[in-house]
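To start, the structure itself, in structure tokens.
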There are 2 protein chains.
Amino acid sequence: MGIASRKEREKAEMRRLILGAAHDIFKENGYDGLNIRSIAERIEYSPATIYLYYKDKNELFFALQYEAAAAKRDHLLPAASIEDPWQRLVEFGRLYVDFGLKHPDWYDLLFLTRAPMEHIENQDCWTLGMATHSFYVETVEACVAARYFKSTDSATIAYTLWCHAHGLVSLFVRERMRMYPPEERGELARKSFAMIVKMAESL
Amino acid sequence: MGIASRKEREKAEMRRLILGAAHDIFKENGYDGLNIRSIAERIEYSPATIYLYYKDKNELFFALQYEAAAAKRDHLLPAASIEDPWQRLVEFGRLYVDFGLKHPDWYDLLFLTRAPMEHIENQDCWTLGMATHSFYVETVEACVAARYFKSTDSATIAYTLWCHAHGLVSLFVRERMRMYPPEERGELARKSFAMIVKMAESL
DNA sequence: TGGAATTACTAAACGACGTTCAGTAACTTT
DNA sequence: AAAGTTACTGAACGTCGTTTAGTAATTCCA
């Protein structure tokens, strides 16, 4: 089956080539600056060719979102090896915020972009994101099991802490912090993270 | 000055007519479904006419954002009359979340839309939003002054609580809660709000 | 091996969008 | 009544995602 498998390989390579170009353009100009024609130009094919490998721009969006989810997972990975669940949870949160502030475009793509959310459950990016999320929830559950909190409602605890971290990053990413001088924003984020950690200790 | 003032009045009326149509279309189809041609069609003018009253779509966006900011202020208003600063703060937060969940489009416009954020400080919508925000911060400061918290860092407290509320609403508005069954989401939001209130009591 | 079938690709177009501009008709001024 | 100003529009431009009809190259099968 030489030919068939070579064809398949070439197809995968082409998808990879397209996605790579999309990735580069995205990093340079953000998702708004990413369009089919610019991808085509960069890989020196016609725009119509893109559609032979990706159904539409949404499919490309999902593929790109997978990359973002992988980058996020890799960023959070160091926390996974921390034994103590509370220490792990804190470091997890710190790295989550750190990722969002360092890679606003990727965070945007993952959580802030208005995207075709129908059927996203079937997408790889969702599966990967859910794996990371599950690990987070399990860490909170481990804290509860080890009696780090008085409360035992691990689901609400996990959600509440996530809301804070997500809100913090979102306000940065979408530039809704103009009432604070730019040079104070980073410090404020750090203080707020420290505060929510303190608050969580009293849960 | 009869003619000049009539002209001015007519100009203002026309701006109002355009904005009204934009408002309606926005409520029906969201910001994505709002375009110049649909506004023009609704008010029975040519698309080019719109540009005689609004410089570009961004200016219309700001005008619409002002409406959203006004709606938000009105929604939060009942909290303002509560005497006790802590009670006022809690009700303020509850109404904030309530507004976001009831009017996701408006919340989106205010806090989630990637918009021309340069020079927004000069826009009316920003001024109005800042007034509401200041009232919120002052309420936190009043809590601090009345020793409702051990911490005296009112700026960080205000910011931290805002992060939670904003994160909570944002996850709803941008549909990033698909891992929770739809019927549980409202309950989770309520529980999380109750939890952050409890946590704040220990600050 | 040669003709048929399939594949890989593209030029050109479609329709929707924001926006601009030249031109026209109505109104205002003198 | 002529000149100047204002309000408005049809038609176009350039951008976008996407589709279609066609062409050249490759693969299949007799």
Side-chain angles (χ1 to χ4, degrees), chain A residues 1-23 25-26 28-65 109 113-118, chain B residues 1-23 25-26 28-65 109 113-118:
Chain A
M1 306 293 103
I3 288 175
S5 77
R6 196 205 70 213
K7 285 278 167 85
E8 224 167 289
R9 205 177 339 113
E10 282 174 354
K11 186 127 187 164
E13 269 168 30
M14 190 64 169
R15 279 176 67 96
R16 191 63 227 162
L17 183 69
I18 292 167
L19 187 59
H23 183 114
I25 295 168
F26 170 73
E28 286 162 25
N29 311 322
Y31 190 70
D32 287 354
L34 177 66
N35 58 64
I36 302 291
R37 282 173 172 85
S38 66
I39 297 171
E41 193 180 356
R42 182 172 291 233
I43 62 173
E44 293 176 294
Y45 280 84
S46 117
T49 304
I50 310 276
Y51 288 86
L52 301 174
Y53 297 91
Y54 289 92
K55 192 178 137 295
D56 53 24
K57 211 190 168 188
N58 286 340
E59 208 168 285
L60 248 154
F61 170 81
F62 284 134
L64 219 46
Q65 207 179 41
L109 207 59
T113 301
R114 198 203 295 279
M117 283 289 141
E118 330 85 45
Chain B
M1 303 287 101
I3 288 175
S5 77
R6 197 204 69 212
K7 285 275 166 91
E8 224 168 289
R9 203 172 347 109
E10 282 175 355
K11 185 128 187 162
E13 269 168 29
M14 191 65 169
R15 278 176 67 98
R16 191 62 228 163
L17 184 67
I18 293 167
L19 188 59
H23 183 112
I25 295 168
F26 170 74
E28 285 162 23
N29 311 320
Y31 191 70
D32 288 354
L34 178 65
N35 59 65
I36 302 291
R37 281 175 173 82
S38 66
I39 297 172
E41 194 180 354
R42 182 172 292 233
I43 63 174
E44 294 177 293
Y45 281 84
S46 115
T49 303
I50 311 276
Y51 288 87
L52 301 174
Y53 297 91
Y54 289 93
K55 194 178 135 291
D56 53 23
K57 211 189 166 188
N58 286 340
E59 210 169 283
L60 247 153
F61 170 81
F62 285 135
L64 220 45
Q65 207 178 43
L109 206 59
T113 300
R114 199 203 294 283
M117 283 287 141
E118 331 84 48

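Labels below follow one simple rule: chain letters A, B, ... track the order of the sequence lines, proteins then strands, and each chain is numbered from 1.
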query: When you check the phosphate oxygens OP1 and OP2 of D:dA7, does a side-chain N or O of B:Tyr45 lie under 4.0 Å from one of them?
result: no
message: Does a side-chain N or O of B:Thr49 approach OP1 or OP2 of D:dT9 to a distance below 4.0 Å, or not?
response: yes
task: Please confirm whether B:Lys55 makes a cation-pi placement over B:Phe62, using NZ or CZ under 6.0 Å from the six-membered ring centre and within 45° of the ring normal.
output: no
Sub-3.5 Å pairs of nitrogen or oxygen atoms, protein against nucleotides 15-19 of chain D:
from	atom 1	to	atom 2	distance (Å)
D:dC16	OP1	A:Asn35	ND2	2.6
D:dG17	OP1	A:Lys57	NZ	3.1
D:dG17	OP2	A:Ile36	N	3.0
D:dG17	N7	A:Arg37	NH1	2.6
D:dG17	O6	A:Arg37	NH2	2.9
D:dT18	OP2	A:Tyr51	OH	2.9
D:dT18	OP2	A:Lys57	N	2.9
D:dT18	O5'	A:Tyr51	OH	3.3

Could you check how far [atom1] of [X] sits from [atom2] of [N], rounded to whole Å?
{"X": "B:Glu10", "N": "D:dA7", "atom1": "CD", "atom2": "P", "result": "8 Å"}
{"X": "B:Glu44", "N": "D:dT9", "atom1": "CD", "atom2": "P", "result": "10 Å"}
{"X": "A:Arg9", "N": "C:dT7", "atom1": "CZ", "atom2": "P", "result": "18 Å"}
{"X": "A:Lys11", "N": "C:dT7", "atom1": "NZ", "atom2": "P", "result": "10 Å"}
{"X": "B:Asn29", "N": "C:dA16", "atom1": "CG", "atom2": "P", "result": "15 Å"}
{"X": "B:Ile43", "N": "D:dC8", "atom1": "CD1", "atom2": "C1'", "result": "12 Å"}
{"X": "A:Arg15", "N": "C:dA8", "atom1": "CZ", "atom2": "C1'", "result": "16 Å"}
{"X": "B:Met14", "N": "D:dC8", "atom1": "CE", "atom2": "C1'", "result": "9 Å"}

query: Would a 4.5 Å heavy-atom cut-off, applied to side chains only, mark A:Leu19 and A:Tyr54 as touching?
result: yes
task: With sequence neighbours left out, write down each residue that passes salt bridge (Lys or Arg N to Asp or Glu O under 4.0 Å) with A:Glu59, or none if nothing qualifies.
output: A:Arg15
- line: Exactly one of A:Ile39, A:Ile50, A:Ile36 clears side chain to side chain contact (heavy atoms under 4.5 Å, CB included) with A:Lys57, and that residue is A:Ile36
task: Under 4.0 Å between any heavy atoms, over every strand shown, what does A:Tyr54 touch: base, sugar-phosphate, or nothing? Just pick one.
output: nothing
task: State whether the number of non-hydrogen atoms from other residues, nucleotides or ligands found under 6.0 Å of B:Glu28 atom CD is greater than 12.
output: yes
B:Glu10, CD atom: more than 12 neighbouring heavy atoms under 6.0 Å: yes
- request: Report the distance from atom OH of B:Tyr31 to atom CG of B:Leu64, rounding to the nearest 0.5 Å.
  value: 7.5 Å
